[in-house]
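Just follow the structure's listing: the first ligand is 1, and inside any ligand the first atom is 1.
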Amino acid sequence: MTTSTVRVRVPATSANLGPGFDALGLALDLHDEIEVTLDEPGGGSGTGPHAGVRISIEGEGAGELDEGEDHLIIKAMRKTFDRMGVDQPRNIRLHCVNRIPHARGLGSSSAAICAGILAARALAAPYAARAGPEGGHGGATGDDDATGGNRRAPGAELLSDDEVFALATELEGHPDNVAPCLAGGLTIAWLDQSGRPSMVKLNPHEGIRPVVCVPRQRLSTERARGLLPRDVPHADAAANAGRAALLIAALTRRPDSRLLLAATEDRLHQDYRAPAMPQTAHLVKTLRAKGVPAVVSGAGPTVLAFTTPDTQDLIAPEVGNDWLIQPLSVDPVGSFVQFPETR
Ligand SMILES: Nc1ncnc2c1ncn2[C@@H]1O[C@H](COP(=O)(O)OP(=O)(O)O)[C@@H](O)[C@H]1O
Ligand SMILES: N[C@@H](CCOP(=O)(O)O)C(=O)O
């Protein structure tokens, strides 16, 4: 029996950031960790029917999530082995430590998908490649740096970083969580005419202090996307384009509350989704009236606020017991892959 193990750490992400629907995203210092072990009888690569998947889960989703082939990480791994053209492993052991809340607008599904893809890619890498540079994604590495700066993560010869990004976007359905999850920091993601994603990574100003207010209530992204209209007024689209551009300036150069308040205005998604999360809509409105730049995180129902020293203390009095207030720093690194046996 040969055994190989990989560990992957993936961050929570907040997408949209107000006006940047399906484009902007921020990686947060809150992580899921997985450990995946492949046991191959006789050391073969293993073909034929999947002999077994064994899953253990700590934290969010324990006792709730599927513990077989329908687990999202296993599905992402299977898809990745197929995409790389390598045999499916026979025995997969997956241990998950889940800290990102599910269906709250903090990118848990994107994190699970990225973790599965990166684990599968790393496990398919030749053994000799495993002592190479750490880090799950060699994509964007600094300000104004588009994807493609491959620093040859293990398995990159089988599936490049750009292909990892494309596959994760295909599975997730939109690129704005996947980009910061892979690359860290603040990302702008977009799709070309054929649906292929690209990103630019930026480093937010160190004065930016994200705080998330997470409610008990869940709302699936699929349901929240179903509430959006097919068409929007031209004036609303124009307003969002200007605000999204301003937001990049505010988050990277001038993180003062007045500018951030204007820069986080949205007309494309938050109001349409409000009926599915009235408490979220109310909290966003109340915080903004007090001068705190607050938005719906991703598809909701979490609220994201960009605080500065003058607004930090304004949040707690407005938030009832049903919410968890979490100040989080920005994760500048993104996904991270490690082989315990090469340590
Ligand atoms: N770590 C995980 N392991 C397995 N499935 C997960 C994991 N994280 C998320 N999921 C799946 O994704 C769903 C949440 O996805 P989604 O509605 O897009 O919300 P969000 O990504 O904003 O948390 C969960 O209900 C679960 O089915
Ligand atoms: N742009 C997407 C973002 C969804 O983020 P999630 O964290 O809620 O999955 C959308 O608004 O639908």
Side-chain angles (χ1 to χ4, degrees), residues 8-28 30-36 53 55-78 94-119 168-169 171-181 187-191 197 212 214-215 217-229 232 240 244 266-274 276-277 280 295-304 335:
V8 185
R9 194 184 72 165
V10 282
T13 52
S14 183
N16 301 328
L17 310 182
F21 180 76
D22 272 4
L24 302 185
L26 193 65
L28 299 169
L30 174 70
H31 298 92
D32 281 353
E33 291 173 89
I34 65 165
E35 181 172 287
V36 186
V53 168
I55 300 176
S56 48
I57 301 170
E58 283 176 51
E60 182 82 17
E64 275 178 63
L65 293 170
D66 184 88
E67 292 185 1
E69 291 290 338
D70 280 339
H71 189 281
L72 188 54
I73 295 176
I74 298 294
K75 288 207 281 192
M77 288 184 68
R78 297 279 187 215
L94 167 65
H95 181 67
C96 305
V97 179
N98 292 345
R99 301 190 186 93
I100 307 172
H102 290 176
R104 305 303 212 297
L106 288 169
S108 72
S109 56
S110 159
I113 288 166
C114 292
I117 294 173
L118 292 171
T169 299
L171 299 180
E172 173 73 355
H174 46 91
D176 48 340
N177 295 100
V178 170
C181 183
T187 53
I188 308 170
W190 70 97
L191 304 178
V212 292
V214 186
Q217 177 210 344
R218 288 181 175 174
L219 177 64
S220 82
T221 304
E222 194 183 356
R223 188 172 155 227
R225 286 181 88 81
L227 296 172
L228 300 176
V232 293
N240 266 54
D266 162 70
R267 296 204 212 163
L268 293 187
H269 66 104
Q270 294 186 169
D271 285 351
Y272 296 111
R273 290 167 159 174
M277 44 182 148
T280 295
V295 297
V296 176
S297 179
T302 289
V303 172
L304 167 73
S335 300

What protein heavy atom is closest to [atom], reported as residue, atom name and distance in Å?
atom: atom 9 (C) of ligand 1; value: S108 OG, 3.1 Å
atom: atom 27 (O) of ligand 1; value: L65 CD2, 4.1 Å
atom: atom 10 (C) of ligand 2; value: R225 NH1, 3.2 Å
atom: atom 2 (C) of ligand 1; value: A112 CB, 3.7 Å

Kindly confirm or rule out an N or O of [X] lying under 3.5 angstrom from an N or O of ligand 1.
X: I73; value: no
X: H102; value: yes
X: G105; value: yes
X: E172; value: no
X: T221; value: yes

query: Where do L24 and D176 land on the side chain to side chain contact (heavy atoms under 4.5 Å, CB included) test, with the steps shown first?
result: CA-CA 6 Å; L24 302 185; D176 48 340; over 6 Å; no
Are the side chains of [X] and [Y] in touch, meaning some heavy atoms are under 4.5 Å apart?
X: P215; Y: T302; value: yes
X: L65; Y: H102; value: yes
X: E69; Y: K75; value: no
X: I74; Y: L94; value: yes
X: D22; Y: R225; value: yes

task: Using heavy-atom distances, let me know which of I34, L72, V97 sits nearest atom 5 (N) of ligand 1.
output: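 Looking at heavy atoms only, L72 sits closest to atom 5 (N) of ligand 1.
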Assess [X] for proximity to ligand 1: is some non-hydrogen atom of it under 4.0 Å away?
X: G298; answer: no
X: C96; answer: no
X: G107; answer: yes

- prompt: What do you think, any protein heavy atom under 4.0 angstrom from atom 7 (C) of ligand 1?
  reply: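 Given the 4.0 Å cut-off, atom 7 (C) of ligand 1 counts as touching protein heavy atoms.
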Output yes when the distance from some N or O of ligand 2 to some N or O of [X] is under 3.5 Å, and no in every other case.
X: G107; result: yes
X: T13; result: no
X: A299; result: yes
X: R273; result: yes
X: T221; result: yes
X: N177; result: yes

Show which atoms of ligand 1 fall inside a sub-4.0 Å distance from at least one heavy-atom site of [X].
X: S220; value: 17 (O)
X: S109; value: 9 (C), 12 (O), 15 (O), 16 (P), 18 (O), 21 (O)
X: N98; value: 1 (N)
X: L106; value: 22 (O)

message: Determine whether N16 and H269 satisfy the following criterion, side chain to side chain contact (heavy atoms under 4.5 Å, CB included), listing intermediate values before the conclusion.
response: CA-CA 9 Å; N16 301 328; H269 66 104; 3.5 Å; yes
message: If I take atom CD1 from residue I117 and atom SG from residue C181, how far apart are they, to the nearest 0.5 angstrom?
response: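 Reported to 0.5 Å precision, the distance equals 9.5 Å.
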- request: Carefully, step by step, assess H71 and I57 under the rule side chain to side chain contact (heavy atoms under 4.5 Å, CB included).
  value: CA-CA 11 Å; H71 189 281; I57 301 170; 4.1 Å; yes
- prompt: If you measure from each non-hydrogen atom of H269 to ligand 2, which part falls under 4.0 Å: side chain, backbone, both or neither?
  reply: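 Neither part.
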message: One pair to check against side chain to side chain contact (heavy atoms under 4.5 Å, CB included): I55 and I73. What are the steps and the verdict?
response: CA-CA 10 Å; I55 300 176; I73 295 176; over 6 Å; no
query: With a 4.0 Å heavy-atom cut-off (strictly under), which part of E222 contacts ligand 1: side chain, backbone, both or neither?
result: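 For E222, no heavy atom sits under 4.0 Å from ligand 1.
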- prompt: Quick one: does E222 get a heavy atom under 4.0 Å from ligand 2?
  reply: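 The answer is no, since E222 has no heavy atom less than 4.0 Å from ligand 2.
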query: Has R223 got more than 12 heavy atoms of other residues, nucleotides or ligands less than 6.0 Å from its CZ?
result: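 Not buried by this count: 12 neighbours or fewer within 6.0 Å.
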- prompt: Testing E58, E33, H31 for side chain to side chain donor-acceptor pair (under 3.5 Å) with R99, which one passes?
  reply: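 Between R99 and the candidates, side chain to side chain donor-acceptor pair (under 3.5 Å) is satisfied uniquely by E33.
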